[in-house]
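Notes follow once the structure below has been shown.
Just so you know, these numbers use all the heavy atoms, side chains as well, and skip hydrogens, waters and symmetry mates. First the proteins, then the strands, lettered A, B, ... as listed; each starts at 1.
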2 protein chains.
Amino acid sequence: MSMRLQDVSEAAPLRSCTHEYKVNCETCRLSRICLPLAINHQDLEQLESIIQRSKPLQKGELLYHEGSPFQSIYAVRSGAVKGYRTTSDGREQVTGFYFPGEILGMDGISNNSHASSARALETAAICAIPFDSLERLSASMPSLQRHLFQLMSREITDDQLLITLLSKNSADERVATLLLSIANRNARRNLSASQFRLPMSRVDIGNYLGLTVETISRVFSRMQKTGVLRVDNKEIEILDQEALQQAANLAA
Amino acid sequence: MSMRLQDVSEAAPLRSCTHEYKVNCETCRLSRICLPLAINHQDLEQLESIIQRSKPLQKGELLYHEGSPFQSIYAVRSGAVKGYRTTSDGREQVTGFYFPGEILGMDGISNNSHASSARALETAAICAIPFDSLERLSASMPSLQRHLFQLMSREITDDQLLITLLSKNSADERVATLLLSIANRNARRNLSASQFRLPMSRVDIGNYLGLTVETISRVFSRMQKTGVLRVDNKEIEILDQEALQQAANLAA
DNA sequence: GCCGCTTCTTGATCTGTATCATGGCCGTGT
DNA sequence: ACACGGCCATGATACAGATCAAGAAGCGGC
C-alpha cells in the first residue's frame with residue numbers, strides 16, 4: 001500500500017500510537033473550521049471528553065452505511081470521504097465530498113438511521129462524535145447548539161447549490177464549479193488553491209455532477225487545451241483562475 | 001380576487017378577525033405534523049407565546065427574500081409556498097414546495113441571512129417563529145431541540161433525494177415522483193391522495209424538476225393518453241397509482 | 001520487472017430534452 | 001360581453017451529453 005505523506009500530515013500529530021489514538025481538539029490545526037469553533041477553553045474539555053478517535057480508515061473502507069443505526073456524526077481529520085446514497089435500482093448517487101475539518105453524517109438524525117453511506121476515498125482519520133452526548137452538551141452550551149444549527153443549515157444551503165448546479169448548468173460549468181469549491185476549501189486549510197490532487201475518481205466526479213465519466217474526461221481535456229488547467233491524472237493545476245471563475249459563473 | 005374555500009379551511013378556525021389573527025397550536029389540526037409535535041401541554045404554552053401570526057399572504061406575495069436578515073422560520077398554516085434562489089445570471093431555481101404543516105426558512109440560520117426566497121403560490125396563512133426565542137426555548141426543552149435537529153436533518157435528506165432525482169432520472173420519472181410526493185403529503189393531512197389541485201404553475205414544476213415547461217406539458221399529455229392520469233389544467237387525478245409508482249421507482 | 005485489472009482518454013453515433021414557433025385556452029379587468 | 005395577457009399544448013428541429021467501442025496509461029500484486 002503506497003503511503004502518501006499528505007494522508008496524515010494535516011491533523012494534529014499523534015501523541016502516542018496506542019489503541020486510543022490520543023489527539024485533542026486543542027492542538028488540532030483544524031479546530032478553527034471544525035466543531036470546536038466558537039467554544040471556549042473550559043467547554044472544550046467537555047466536548048473533548050465525548051469525542052472518539054479510532055484507527056484510520058483505509059481507502060475504500062466504509063464509515064457508515066445507509067440504513068444502519070445513527071449514533072454519531074463524524075469529523076474528517078485527514079484524508080477525504082465521499083457521501084452517497086444507493087438508488088432503488090442499485091445505482092449510486094454521490095451527494096458530497098468531505099475534506100479535513102468538515103462534518104458529515106447529519107442526515108441520519110431525522111430517522112435515527114443513516115440516510116446515506118460514507119466511504120473513505122483515501123486513508124482517512126476520523127473523529128466520531130456521539131450525537132446523544134452532543135445533544136445533551138449543546139442544551140447547556142448555547143454556542144455549541146447554535147454552531148450545530150448552523151452546520152446543518154450550511155449543509156442545506158450547500159445541497160441547494162448542488163441542486164441548482166445540476167438543474168441549470170452545463171458540463172463545463174459544473175466541473176469548473178467543483179474545482180473552485182475544492183480550491184476554496186483547500187485555501188481555508190492553508191493549502192494551495194491552485195495546485196492539488198483530486199482524491200476521488202472520474203467516476204465519482206461524474207456521478208456527483210450528474211455526468212458520465214467520458215464527459216468529465218472531455219471537459220478536463222478541453223480545459224487543458226485552452227490553457228485553463230494542467231491535468232496530470234489526479235493532479236490538477238489551475239492555470240487561469242479568472243477563466244475558471246468565469247466558466248463557473250456563467251450561470252451559477 | 002377569486003377565493004377558494006381550500007385556502008383557509010385547513011388551519012384552525014380564526015377565533016377573531018382583529019389584527020392579531022388569534023389562532024393557537026392546541027386547536028390547530030396541523031400540530032400533529034408541525035413543530036408542536038412531541039411537545040407536552042405545558043411546554044406548548046411557551047412555544048405558543050412566541051409564535052406570531054400575521055395577515056395571510058396573497059398569491060404572489062413574498063414571505064422572505066434571499067439576502068434579507070434571518071429572524072424567523074415559518075410554518076405554513078394554509079395555502080402553499082415555493083422556495084427558490086436566484087442564480088447569478090438572474091434565473092430562478094425552485095428548491096421546494098411547502099404545504100400546510102411544513103416548515104421553511106431554516107437555510108437562513110447558517111449566515112443569519114436568508115439563502116433563498118419564499119413566495120406564496122396562493123393565498124397562504126403563515127406562522128412566524130422567531131428563531132432566537134426558539135433557540136432559547138429549545139435549550140431547556142430537549143424534545144424541542146431534538147425536533148428541530150430532526151426537521152433540519154429531514155430537509156437535508158429531502159434535498160438529497162432531489163439531487164438524485166435531477167442527476168439520474170428521466171423527465172417521466174421526475175414528474176411521477178413529484179406527483180407521488182404531493183399525494184403522500186396530502187394523505188398526511190387527511191386529504192385525497194388521488195385527486196388534488198396543483199397550486200404551482202407548469203413553469204414552477206419544470207423549474208423545480210430541471211425541465212422546461214414544454215416537457216412538463218408533454219409528460220402530462222403522455223400520462224393522460226396512457227390512462228395513468230386525468231389532467232384538467234391544474235386539477236390532477238391519479239387513475240393508476242400502480243403505474244405511477246412504477247414510473248417513479250424505475251430509478252428513484 | 002512484468003502481468004492483469006482498473007481507470008482514464010478519445011472517437012463515432014444516438015437520443016432525450018431544449019429550443020423555436022404557433023395556436024388555443026382561461027382568467028381578469030374594463 | 002369582450003379584449004388582453006399570461007399560461008398551456010403541440011409540432012418541427014437542434015444540440016449537449018449519453019452510449020457504444022476501443023485503445024492507452026496507471027497501479028497493485030507477484
Relative to the 5' end of DNA chain C, which residue comes earlier, K234(A) or K225(A), by the nucleotide with the nearest heavy atom?
K234(A)
So the ring-ring contact (aromatic ring centres under 6.0 Å, His included) pairs with at least one residue in residues 177-215 of chain B (sequence neighbours excluded) are F97(B)-Y208(B)
For the helix from dG1(C)-dC30(D) to dT30(C)-dA1(D), what is the angle between the axes at its two ends, each from 5 pairs, rounded to 10°?
50°
Going by heavy atoms closer than 4.0 Å, what residues in residues 214-221 of chain B are next to DNA chain C?
E214(B), T215(B), R218(B)
Between dT7(C) (P) and M200(A) (CE): distance, integer Å
15 Å
I need the single residue from R119(A), K234(A), K82(A) that forms a salt bridge (Lys or Arg N to Asp or Glu O under 4.0 Å) with D204(A). Which is it?
K82(A)
Could you check which of dG17(D), dT19(C), dC8(D) has an atom nearest any side-chain atom of R202(B)?
dC8(D)
Can you tell me the distance, in whole Å, between the CG atom of L229(B) and the P atom of dC8(D)?
16 Å
Qualifying ring-ring contact (aromatic ring centres under 6.0 Å, His included) pairs, either residue in residues 72-95 of chain B, two or more places apart
Y64(B)-Y74(B)
Please report, rounded to the nearest Å, how far the P atom of dT9(C) is from the CG atom of L211(A).
14 Å
S170(B) side chain, from C-beta outward: closest of dC8(D), dT9(C), dT17(C)
dT17(C)
Which residues satisfy the salt bridge (Lys or Arg N to Asp or Glu O under 4.0 Å) test with R230(A), sequence neighbours excluded?
E237(A)
Length of the line joining D204(B):CG and dC7(D):C1', which is rounded to integer Å
12 Å
Taking atom types as modelled, find out whether Q93(B) and S167(A) have a side-chain donor-acceptor pair closer than 3.5 angstrom.
yes
Which nucleotide, dT17(C), dA9(D), dC8(C), lies nearest any side-chain atom of V203(A)?
dC8(C)
Taking atom P of dC8(C) as reference, at what distance in whole Å does atom CD of E235(A) sit?
14 Å
Least distance between heavy atoms, T157(B) atom then R154(B) atom:
OG1-O, 2.9 Å
What nucleic acid atoms does G206(B) come within less than 4.0 Å of, heavy atoms only: base, sugar-phosphate, or nothing?
nothing
Starting at atom CD1 of I236(A), determine the distance to atom P of dC8(C), rounded to an integer number of angstrom.
11 Å
Under a plain distance cut-off of 3.5 Å, with no hydrogens placed, do S72(B) and Q52(B) share a side-chain donor-acceptor pair?
no
Say whether T215(B) and T212(B), considering side chains only, have a donor N or O and an acceptor N or O under 3.5 Å apart.
yes
Any ring-ring contact (aromatic ring centres under 6.0 Å, His included) involving residues 163-188 of chain A? Give me the pairs, sequence neighbours left out, ordered by first then second residue.
none
N233(A) CG - dT7(C) C1' separation (whole Å):
8 Å
In whole angstrom, give the distance that lies between atom CG of L166(B) and atom P of dA18(C).
12 Å
